[in-house]
Amino acid sequence: MNTRGGDGCPRKKADAAQDRDAGDKPPTPVIAAFKVFQQELDTKHDKYERLVKISRDVTIESKRTIFLLHRVTSVPNAEEILNEAEVKLDGVRQKIGQIAEELRGEDIYQFHRAFTPGIQEYVEAVSFLHYIRHRSLISLEEINASLVFMRTEEVGAQDAAETLLPGTHVLTFQVTPSDYLLGVADLTGELMRMCISSVGNGDIDTPFQLSQFLRQIHDGFSYIGNTGPYEVSKKLHTLRQSLAKVEDACYALRVRGSEIPKHMLADVFSSRTTLIDPEEGVV
Amino acid sequence: MSPILCHSAALFHDKSRCNGGEPVPSRHQSYYTEGRGQFFVIITSSSTVTFFITVFTVRHVRHGDVQPHPGLPGRGPGRQRDMSVTEMFSHIQGFLGADQDVREDIRKVVQLLEQAAREILTVLQSVHQPSGFKEIPSKCARARELFCTVKTHIADLKTKFPAEQYYRFQEHWRFVLQRLAFLVTFVVYLESETLVTREAAAQILGIEVVREKGFHLDVEDYLAGVLIMASELSRLAVNSVTAGDYTRPLRISNFINELDSGFRLLNLKNDPLRKRYDGLKYDVKKIEEVVYDLSIRGLAKEAESAGDK
């Protein structure tokens, strides 16, 4: 007896005939049960894969936004770039809306691994934009406040923090505190790059602000220590390196800033700091 | 002195924001607030120091000979007061601390569950001994009694976390739940030589089958339990021959082959369940070898005819 599920009708009939010939009821309770399991598992896996795909799109678009935002230091009209970034992030938010749609009625933690990379990347991008605009750290509440989606569909299940309004439907996506933390940890790497590149563009104001900001974030992570998700401990190491680079940059500016013409400051940093992209630091 | 008071006041304000619960999702409300209380003494002292350093650094920078660079926009604060970085991390720490407390509670109950599972396993292991075969009914009865303890512990476990966050904490009890699923499946097999349904297994453990109804037996955990039982049955086949029971291996063989057909219907991903399933073919093979050994020596036919008479 070798039944394979999911085949077309003629095959099933032949199998059923075989079973009858062999004297078994088609199908046995065990096989029937496993067919149910097959469907359950397939449904779950399909949803997981859909979420992985959306998450990848979110990651890619968020990364592109971050690259776009880096150009703010080297371009005269920064406001245009910021607006473009805002538009891109709105697109990302729509994708996150799709994630929220998929998660409707589900336990989000069952699928968390599928979309956490995308969400972390999104947090990185949105907090980067927020920092450039406002020189502060965006709060978790603010991020979640912007992830509210209106849907004009029928009533669905109640699990993913929905509220029912007459006619329309509100869907929310809540970034978890640990995803927020991991996104902010990645943000520090981008801030470090921004610091170095802004020096190369003759801006000797930003590095000091960034240094102070990064130090606060670093202190915050040290305070959290091991109580956070274990990935935080790994990122703390990278964060320390980023902070050291930024602090070295400020030191060099303070000690030698007045001596060296601005356009040559970049060369000073190229020799002192490692792991700088060849593009950055060039006016 | 006043900056310290302002800062602390801000933190207290922050706590009430957390409790008031409008931006914070409701699912966090019930147990996160408890976690925050413990951290207050520590928060105030470390962040005050940071606050002072921050103030000092800012002043120091302003007095340096730097010119504001036109390229970077949005300098001024112009918006409503943002939480400072320190406040944000304290806020997050509140969540993390509360989360850790919940996990600690869960761990304690899971330890008790593991203890109960070990007791049941000890009772059932003895069926492999030659003398054990006759005592199977009494052992099953004893195991069923012990499942009541399991029910109590699981009922306790359910109270330790919000019902809708099963998968958030699943990893804590996954192992023991799979063990329990195996034990239930094994007991039912010993009693009736059938495969216990997921519904019946869940009932013995006092849990649900459907996620929406509460703490449930995930289909993957049930299947893992079934696969563990398959290994146990291959061992039982061998030992029953040693004990002189020559008919049991044939019945085990039919049962395992049916299980194998069932598992072949599943489309598995490369996850732990798939790895465990890969072990099933070795169990099938081992049992087939036992059956082969019996049949070529005519031992199985002998036992059958003896049974018929």
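Below, read A as the first sequence line, B as the second, and so on, with proteins coming before strands; counting in each chain starts at 1.
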| task | Apply the test side chain to side chain contact (heavy atoms under 4.5 Å, CB included) to residues R211(B) and E106(A): give CA-CA distance (whole Å), side-chain angles for both, the deciding distance (0.1 Å), then the verdict. | result | CA-CA 9 Å; R211(B) 178 184 60 86; E106(A) 303 283 350; 3.9 Å; yes
| field | side chain to side chain contact (heavy atoms under 4.5 Å, CB included) assessment of E164(B) paired with D107(A) | value | CA-CA 7 Å; E164(B) 68 272 10; D107(A) 182 335; 6.0 Å; no
| request: Kindly indicate, with the supporting measurements, whether the criterion side chain to side chain contact (heavy atoms under 4.5 Å, CB included) is fulfilled by L41(A) and L223(B). | output: CA-CA 11 Å; L41(A) 286 175; L223(B) 290 172; 4.1 Å; yes
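When heavy atoms are compared at a cutoff of 4.5 Å, D218(B) approaches chain A solely by way of its side chain, counted from C-beta outward. Of the atoms belonging to E220(B), it is side-chain heavy atoms, and not backbone ones, that fall under 4.5 Å from chain A. In this structure, the portion of Y222(B) lying under 4.5 Å from any heavy atom of chain A is its side chain and not its backbone.
Annotation: side chain of N267(B) is not in contact with side chain of H45(A) (no heavy-atom distance under 4.5 Å). When side chains are defined from C-beta on, E40(A) counts as touching R198(B), because their heavy atoms get closer than 4.5 Å. Looking at I108(A) and Y167(B), their side chains never come closer than 4.5 Å, going by heavy atoms from C-beta outward. Two residues are said to be in side-chain contact when any heavy atoms from C-beta on lie closer than 4.5 Å; L96(B) and P229(A) meet this criterion. The side-chain heavy atoms of T227(A) and D99(B), taken from C-beta on, include no pair separated by under 4.5 Å. L181(A) is not listed as a side-chain neighbour of F95(B), based on a closest heavy-atom distance of 4.5 Å or more. A heavy-atom distance below 4.5 Å is found between the side chains of F89(B) and I217(A). A 4.5 Å side-chain heavy-atom check between T86(B) and D219(A) finds every atom pair outside the cut-off.
Remark: the Q216(A) side chain and the S84(B) side chain contain no N/O donor-acceptor pair separated by less than 3.5 Å.
Residues meeting the side chain to side chain contact (heavy atoms under 4.5 Å, CB included) test with L236(A), sequence neighbours left out: H218(A), F221(A), L239(A), R240(A).
The number of heavy atoms from other shown groups lying within 6.0 Å of CD (E80(A)) does not exceed 12. Environment of CG in N226(A): sparse, with no more than 12 heavy atoms of neighbouring residues, nucleotides or ligands closer than 6.0 Å. Taking a 6.0 Å sphere around NZ of K213(B), one finds it holds 12 or fewer heavy atoms contributed by other residues, nucleotides or ligands. Atom CD of Q203(B) is surrounded by 12 or fewer heavy atoms from other residues, nucleotides or ligands within 6.0 Å. Annotation for R113(A): atom CZ does not count as buried by contact number, only 12 or fewer foreign heavy atoms lying within 6.0 Å.
Residues Y109(A) and Y166(B) place their aromatic rings such that the two centres sit no closer than 6.0 Å.
Residue H91(B) holds its NE2 atom at 7.5 Å from OG of S139(A), rounded to the nearest 0.5 Å. Here the CG-CZ distance, from L268(B) to F37(A), works out to 12.5 Å after rounding to the nearest 0.5 Å. Taking CE from M88(B) and CD from E141(A), the interatomic distance works out to 6.5 Å, rounded to the nearest 0.5 Å. A distance of 7.5 Å separates OG1 in T176(A) from CZ in R168(B), rounded to the nearest 0.5 Å.
In plain terms, the two heavy atoms of I31(A) and S261(B) that are nearest each other are CD1-CB, 3.9 Å. In this structure, L266(B) and F34(A) approach most closely via the heavy-atom pair CD2-O, 3.7 Å.
In this structure a side-chain-to-backbone donor-acceptor pair under 3.5 Å is present from Q38(A) to L265(B).
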